[in-house]
Amino acid sequence: MNSEFQKEQIRVASVTQVITEEMKKMEDETVKSKNEVVHIRRHFWDEVKVNTETFDDYLETIINLRQEAQVLSVSQSIHNHAAKRLSTLRRMQEVPYFGRIDFLEEGELAKEHIYIGIASLSDSSGEDFLIYDWRAPISSVYYDYQPGAVQYQTPGGTVYGSLEKKWQYLCRGGSLQSMFDTSLTIGDEILQQVLGEGTGKQMHNIVATIQQDQNQIIRFDHKRLLIVHGAAGSGKTSAALQRIAYLLYKYRDSLNADQIILFSPNSMFSSYVSNVLPELGEENMQQVTFQEYLNHHLSKKFHVENPYEQLEYILTAEKSPSYNARLASIRFKASTAFFEAIQAYRLSLELSGMLFKDIIFRGKAIVTAQEIAERFYEHDTELRFHNRLEKLQDWLLKKITTTQKAERKQQWVQEGIELLSDADYHKARIYLAKKRGYKREEIAEYEVEPAALAKLIIQRKFKPFRKQIRDFRFIDFKGIYKQIFIDSQALKHWGKGETPVELAAICQTTIEMLAEDKLFYEDATPFLLLQELIQDFQSNSAIKHIVVDEAQDYSPFQFEFLRRLFPAAKMTVLGDFNQAIFAHASDKVNFHTLSSLYGPDETELINLAKSYRSTKPIIEFTRRLIPNGANIIPFERDGDRPELKQVTDAYELHSSIKLKVAELQARGFHSIAIICKSAEESIKAYESLSSIDQIILVKSNAIEYEQGVVVVPAYMSKGIEFDAVIIYNASGQVYADESLRKLFYTACTRAMHYLQLYSVGAPSKFLRDVLSAGVIEA
């Protein structure tokens, strides 16, 4: 083994030297290409002669512009490619590769040594691979097989052979520290070391430790919908990000990062995962939260409640008289029954019910809402709904044109001319002169015609009205949505009878919110869907793949909306229904129901049962908190048993937490989370623990994940892991209702290495089984 290790040390040094030499070439190429881009930008207009005197001159100018723009685009592409390759090489210089397979292809006499890293590397001749990209077809053998008969897929077909040996390497600083023959060692030595390390501000790539089930997710590419259901800490998100990197590699000629969207649970999570793709030499895909999408389309009209405000209400307003009705409203408006009701209601609008707004100019109606409604329902009724609206737009635009002509001789026009500032008059004069065909040097000779100036002023006054009509802002969308809740009997009809007993209270509350220009979170997607169905769905066919993380927090309604919004996209959905903490979650809604989005033939479900994040003692504890926890398989990594300490009052609680934080910091834990049930409890805890050095309160609008000692509501900690977790108050008073079990489970599963629970008074009933099982120190 020593001779083998020395031989491999020499090879690592040799490969590192090749990387260093290629880096030098890339550095020179990057500088050269950057200078070319700067030069082209600086002298762009020197190469383009702008001449628009005749059509031929204009055409020649356009051709010259396109040619120069193309030259610039090519130079920028060369520079970006060189810069990206240089960034990858710098990472490879630190860790050239992490694995090796000894592979004997069927029909060949000699086996090959295949070394695997984050990117490919050839020798100086360019003929032999020194390192294979982890996404290359042959690299799948490393992740999927132990020694023995193997096969892998290539564009040319299936390759068969034998895996003689599989090695794992631990390289740091360009030198080999250790290597393992995985056919001889027990367990995953590299994975043990990686999981034993502390957390950082950002998630890192896992290409060196991808497991077989995760590799199945990464390389799956047969159907439109991939559903990944996995236990907390099973590597769902990591595998999905590697999946994006794999797809960008495999389809590099037809897919780019701008055509992929990741729907994240919150902005802090987006920051946490933002480094994974750049580490692999790929550009980041678009990242957005569903709330950001809603705000983009609705915030100009309404104050839109966010999901955390909704959840905070659910967690803290149990004594409110409207609490049960609100819960029923959330569940009903998240259902497929309400989705179908919205569609049925839209169809009913073809016969009656469309509401419009008066178009007012200078205090008088150009056309009233009633006139618009009469026009819509009395003309062009044989056309499709959207074509009727287009015809209505044309009619309204003609009304605007007629009004413009009638206004030319009105006194306000003359007053508008007289009130023009010198600057505005000068701009108008230049505009009118150019419109009359005057050249730049002739503009001084142009005499402004009063009639032309009056016409220009009128056109500019009416321009917003034309935009309003083209954007369908003459439609009263708020009134149309409100109508759904005015007649509860009609709503029952549209929803095919699947309505809650609290329907009357739901309708009344919704109407009151709309009157204040507010939308509950559960109303935002239905409102947007109805608006889109009326004005013709503005789908985005440019997006080819979407990834939805923490999918258990989405309603069936929202998934239907996403499917319609991105009709050309494949979808990867990740989640864990044991962490379904929102009020719309129920046992009737699970990932199996999502197969209806594209049909069972276009849907694949992969289950990840093994959890890697936490130590085995923590997983043995957390899996007993949920009914189906026995299915969760802990990774063999030892550690301390979770601890529960019962205290008598708040003073003892805060004193104990301060001592525990100091102890954990002394043990070298860098990220410590004090997890509370709600934002309300987090604020109180933060104020009481403010003497802890540099303690941070995480709020729902946090943009970046901060490492250190953080106080955080349980629902904001989802998707993030910490070296150590302190459950602020696991008492029966705080975690009393069964509906909080999954929230409690979510909080506890954030811990990688250490979990401490405190309880002011008797602990929650959720801890009865774990206390009797002896998997927690008490």
Side-chain angles (χ1 to χ4, degrees), residues 296-302 342-343 345-417 428 431 435 451-484 486 514-515 517 519 526-540 564:
H296 176 71
H297 290 276
L298 295 172
S299 61
K300 291 180 181 177
K301 305 172 188 174
F302 299 100
I342 293 287
Q343 290 180 301
Y345 173 55
R346 210 300 279 143
L347 288 173
S348 76
L349 295 176
E350 298 191 6
L351 299 176
S352 65
M354 282 291 289
L355 300 177
F356 301 97
K357 300 175 184 177
D358 296 339
I359 298 178
I360 305 293
F361 180 70
R362 295 180 60 80
K364 294 181 180 179
I366 298 174
V367 58
T368 66
Q370 184 176 347
E371 288 173 323
I372 300 173
E374 288 172 356
R375 177 77 188 186
F376 182 73
Y377 285 113
E378 292 175 7
H379 293 77
D380 306 310
T381 53
E382 76 283 358
L383 298 176
R384 292 176 64 248
F385 187 80
H386 302 118
N387 298 127
R388 288 165 65 186
L389 280 176
E390 288 171 359
K391 286 283 187 180
L392 189 63
Q393 282 178 313
D394 294 339
W395 179 73
L396 288 170
L397 290 170
K398 287 175 182 176
K399 285 276 188 182
I400 295 295
T401 301
T402 302
T403 306
Q404 277 185 227
K405 291 177 181 177
E407 290 290 319
R408 286 180 187 175
K409 296 181 180 179
Q410 296 297 319
Q411 182 62 32
W412 71 266
V413 180
Q414 187 59 39
E415 290 172 357
I417 293 172
Y431 173 80
K435 195 173 181 183
L453 187 56
K455 185 178 179 182
L456 178 61
I457 286 176
I458 291 171
Q459 283 176 339
R460 291 185 175 176
K461 273 287 185 184
F462 278 87
K463 187 177 180 180
F465 292 93
R466 292 182 178 278
K467 188 173 189 319
Q468 175 185 345
I469 291 166
R470 291 191 183 99
D471 293 344
F472 293 103
R473 280 185 279 146
F474 61 91
I475 300 175
D476 183 4
F477 289 109
K478 184 173 81 169
I480 294 170
Y481 188 70
K482 178 182 174 182
Q483 276 185 159
I484 299 174
I486 290 175
L514 289 168
D517 290 331
L519 279 180
F527 183 95
L528 203 53
L529 174 70
L530 179 60
Q531 180 175 296
E532 293 285 355
L533 289 174
I534 290 172
Q535 64 186 25
D536 202 1
F537 217 95
Q538 302 298 305
S539 59
N540 186 338
R564 285 172 171 263

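For T402 (side chain) and K398 (main-chain N/O), a donor-acceptor pair under 3.5 Å exists by modelled atom type. A donor-acceptor contact shorter than 3.5 Å links the side chain of Y345 to the backbone of I480. Q535 places no side-chain N or O within 3.5 Å of a backbone atom of F472 that could act as its donor or acceptor partner.
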Next item on the list: Step by step, work out the side-chain contact (heavy atoms from CB on, under 4.5 Å) result for D536 and L389.
Entry: CA-CA 10 Å; D536 202 1; L389 280 176; over 6 Å; no
Next item on the list: Test D380 against L392 for side-chain contact (heavy atoms from CB on, under 4.5 Å), laying out the working first.
Entry: CA-CA 9 Å; D380 306 310; L392 189 63; over 6 Å; no
Item checked: Audit row: D476, K482, side-chain contact (heavy atoms from CB on, under 4.5 Å) steps and yes/no -> CA-CA 10 Å; D476 183 4; K482 178 182 174 182; over 6 Å; no
Margin query: What verdict does the side-chain contact (heavy atoms from CB on, under 4.5 Å) test give for L456 and Q459, after you've listed the backbone C-alpha separation in whole Å, the side-chain angles of each residue and the deciding distance to 0.1 Å?
Written below: CA-CA 5 Å; L456 178 61; Q459 283 176 339; 4.1 Å; yes
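For the pair Q531/I534, no side-chain contact is recorded, criterion being any heavy-atom separation below 4.5 Å from C-beta on. Residues R388 and Y377 are in side-chain contact: their nearest non-hydrogen atoms beyond the backbone lie under 4.5 Å apart. Side-chain atoms of V367 and T403, non-hydrogen and from C-beta on, never get closer than 4.5 Å to each other.
The closest side-chain donor-acceptor pair between Q468 and K357, if any, does not fall under 3.5 angstrom.
The distance from atom CD1 of I359 to atom OG1 of T368, rounded to the nearest 0.5 Å, is 9.5 Å. The CG atom of D394 sits 10.0 Å away from the CD1 atom of I469 when rounded to the nearest 0.5 Å.
Taking each heavy atom of Y481 and P526 in turn, the nearest pair found is OH-CB, 3.7 Å. What you find for M354 and I475 is that their closest heavy atoms are CE-CG2, 4.1 Å. Residues S539 and R564 come closest through the heavy atom pair CB-O, 3.5 Å. When every heavy atom of W412 is checked against every heavy atom of I457, the shortest pair comes out as CZ3-CG2, 4.2 Å. The shortest heavy-atom contact between H386 and L533 is NE2-O, 2.9 Å. Between L349 and F376, the shortest heavy-atom contact is O-CE2, 4.2 Å.
Using bins of under 30°, 30° to 60° and over 60° for the plane-to-plane angle, the ring pair F527/F302 lands in the perpendicular bin.
The local environment of NZ in K391 is sparse, with at most 12 non-hydrogen atoms from other residues, nucleotides or ligands closer than 6.0 Å.
Residues that satisfy the salt bridge (charged side-chain N to carboxylate O under 4.0 Å, His left out) test with D471, not counting sequence neighbours, are K467, R473.
Between F361 and F462, the ring centre distance stays below 6.0 Å.
For the pair R346 and F385, the cation-pi test (distance below 6.0 Å, angle within 45°) is passed.
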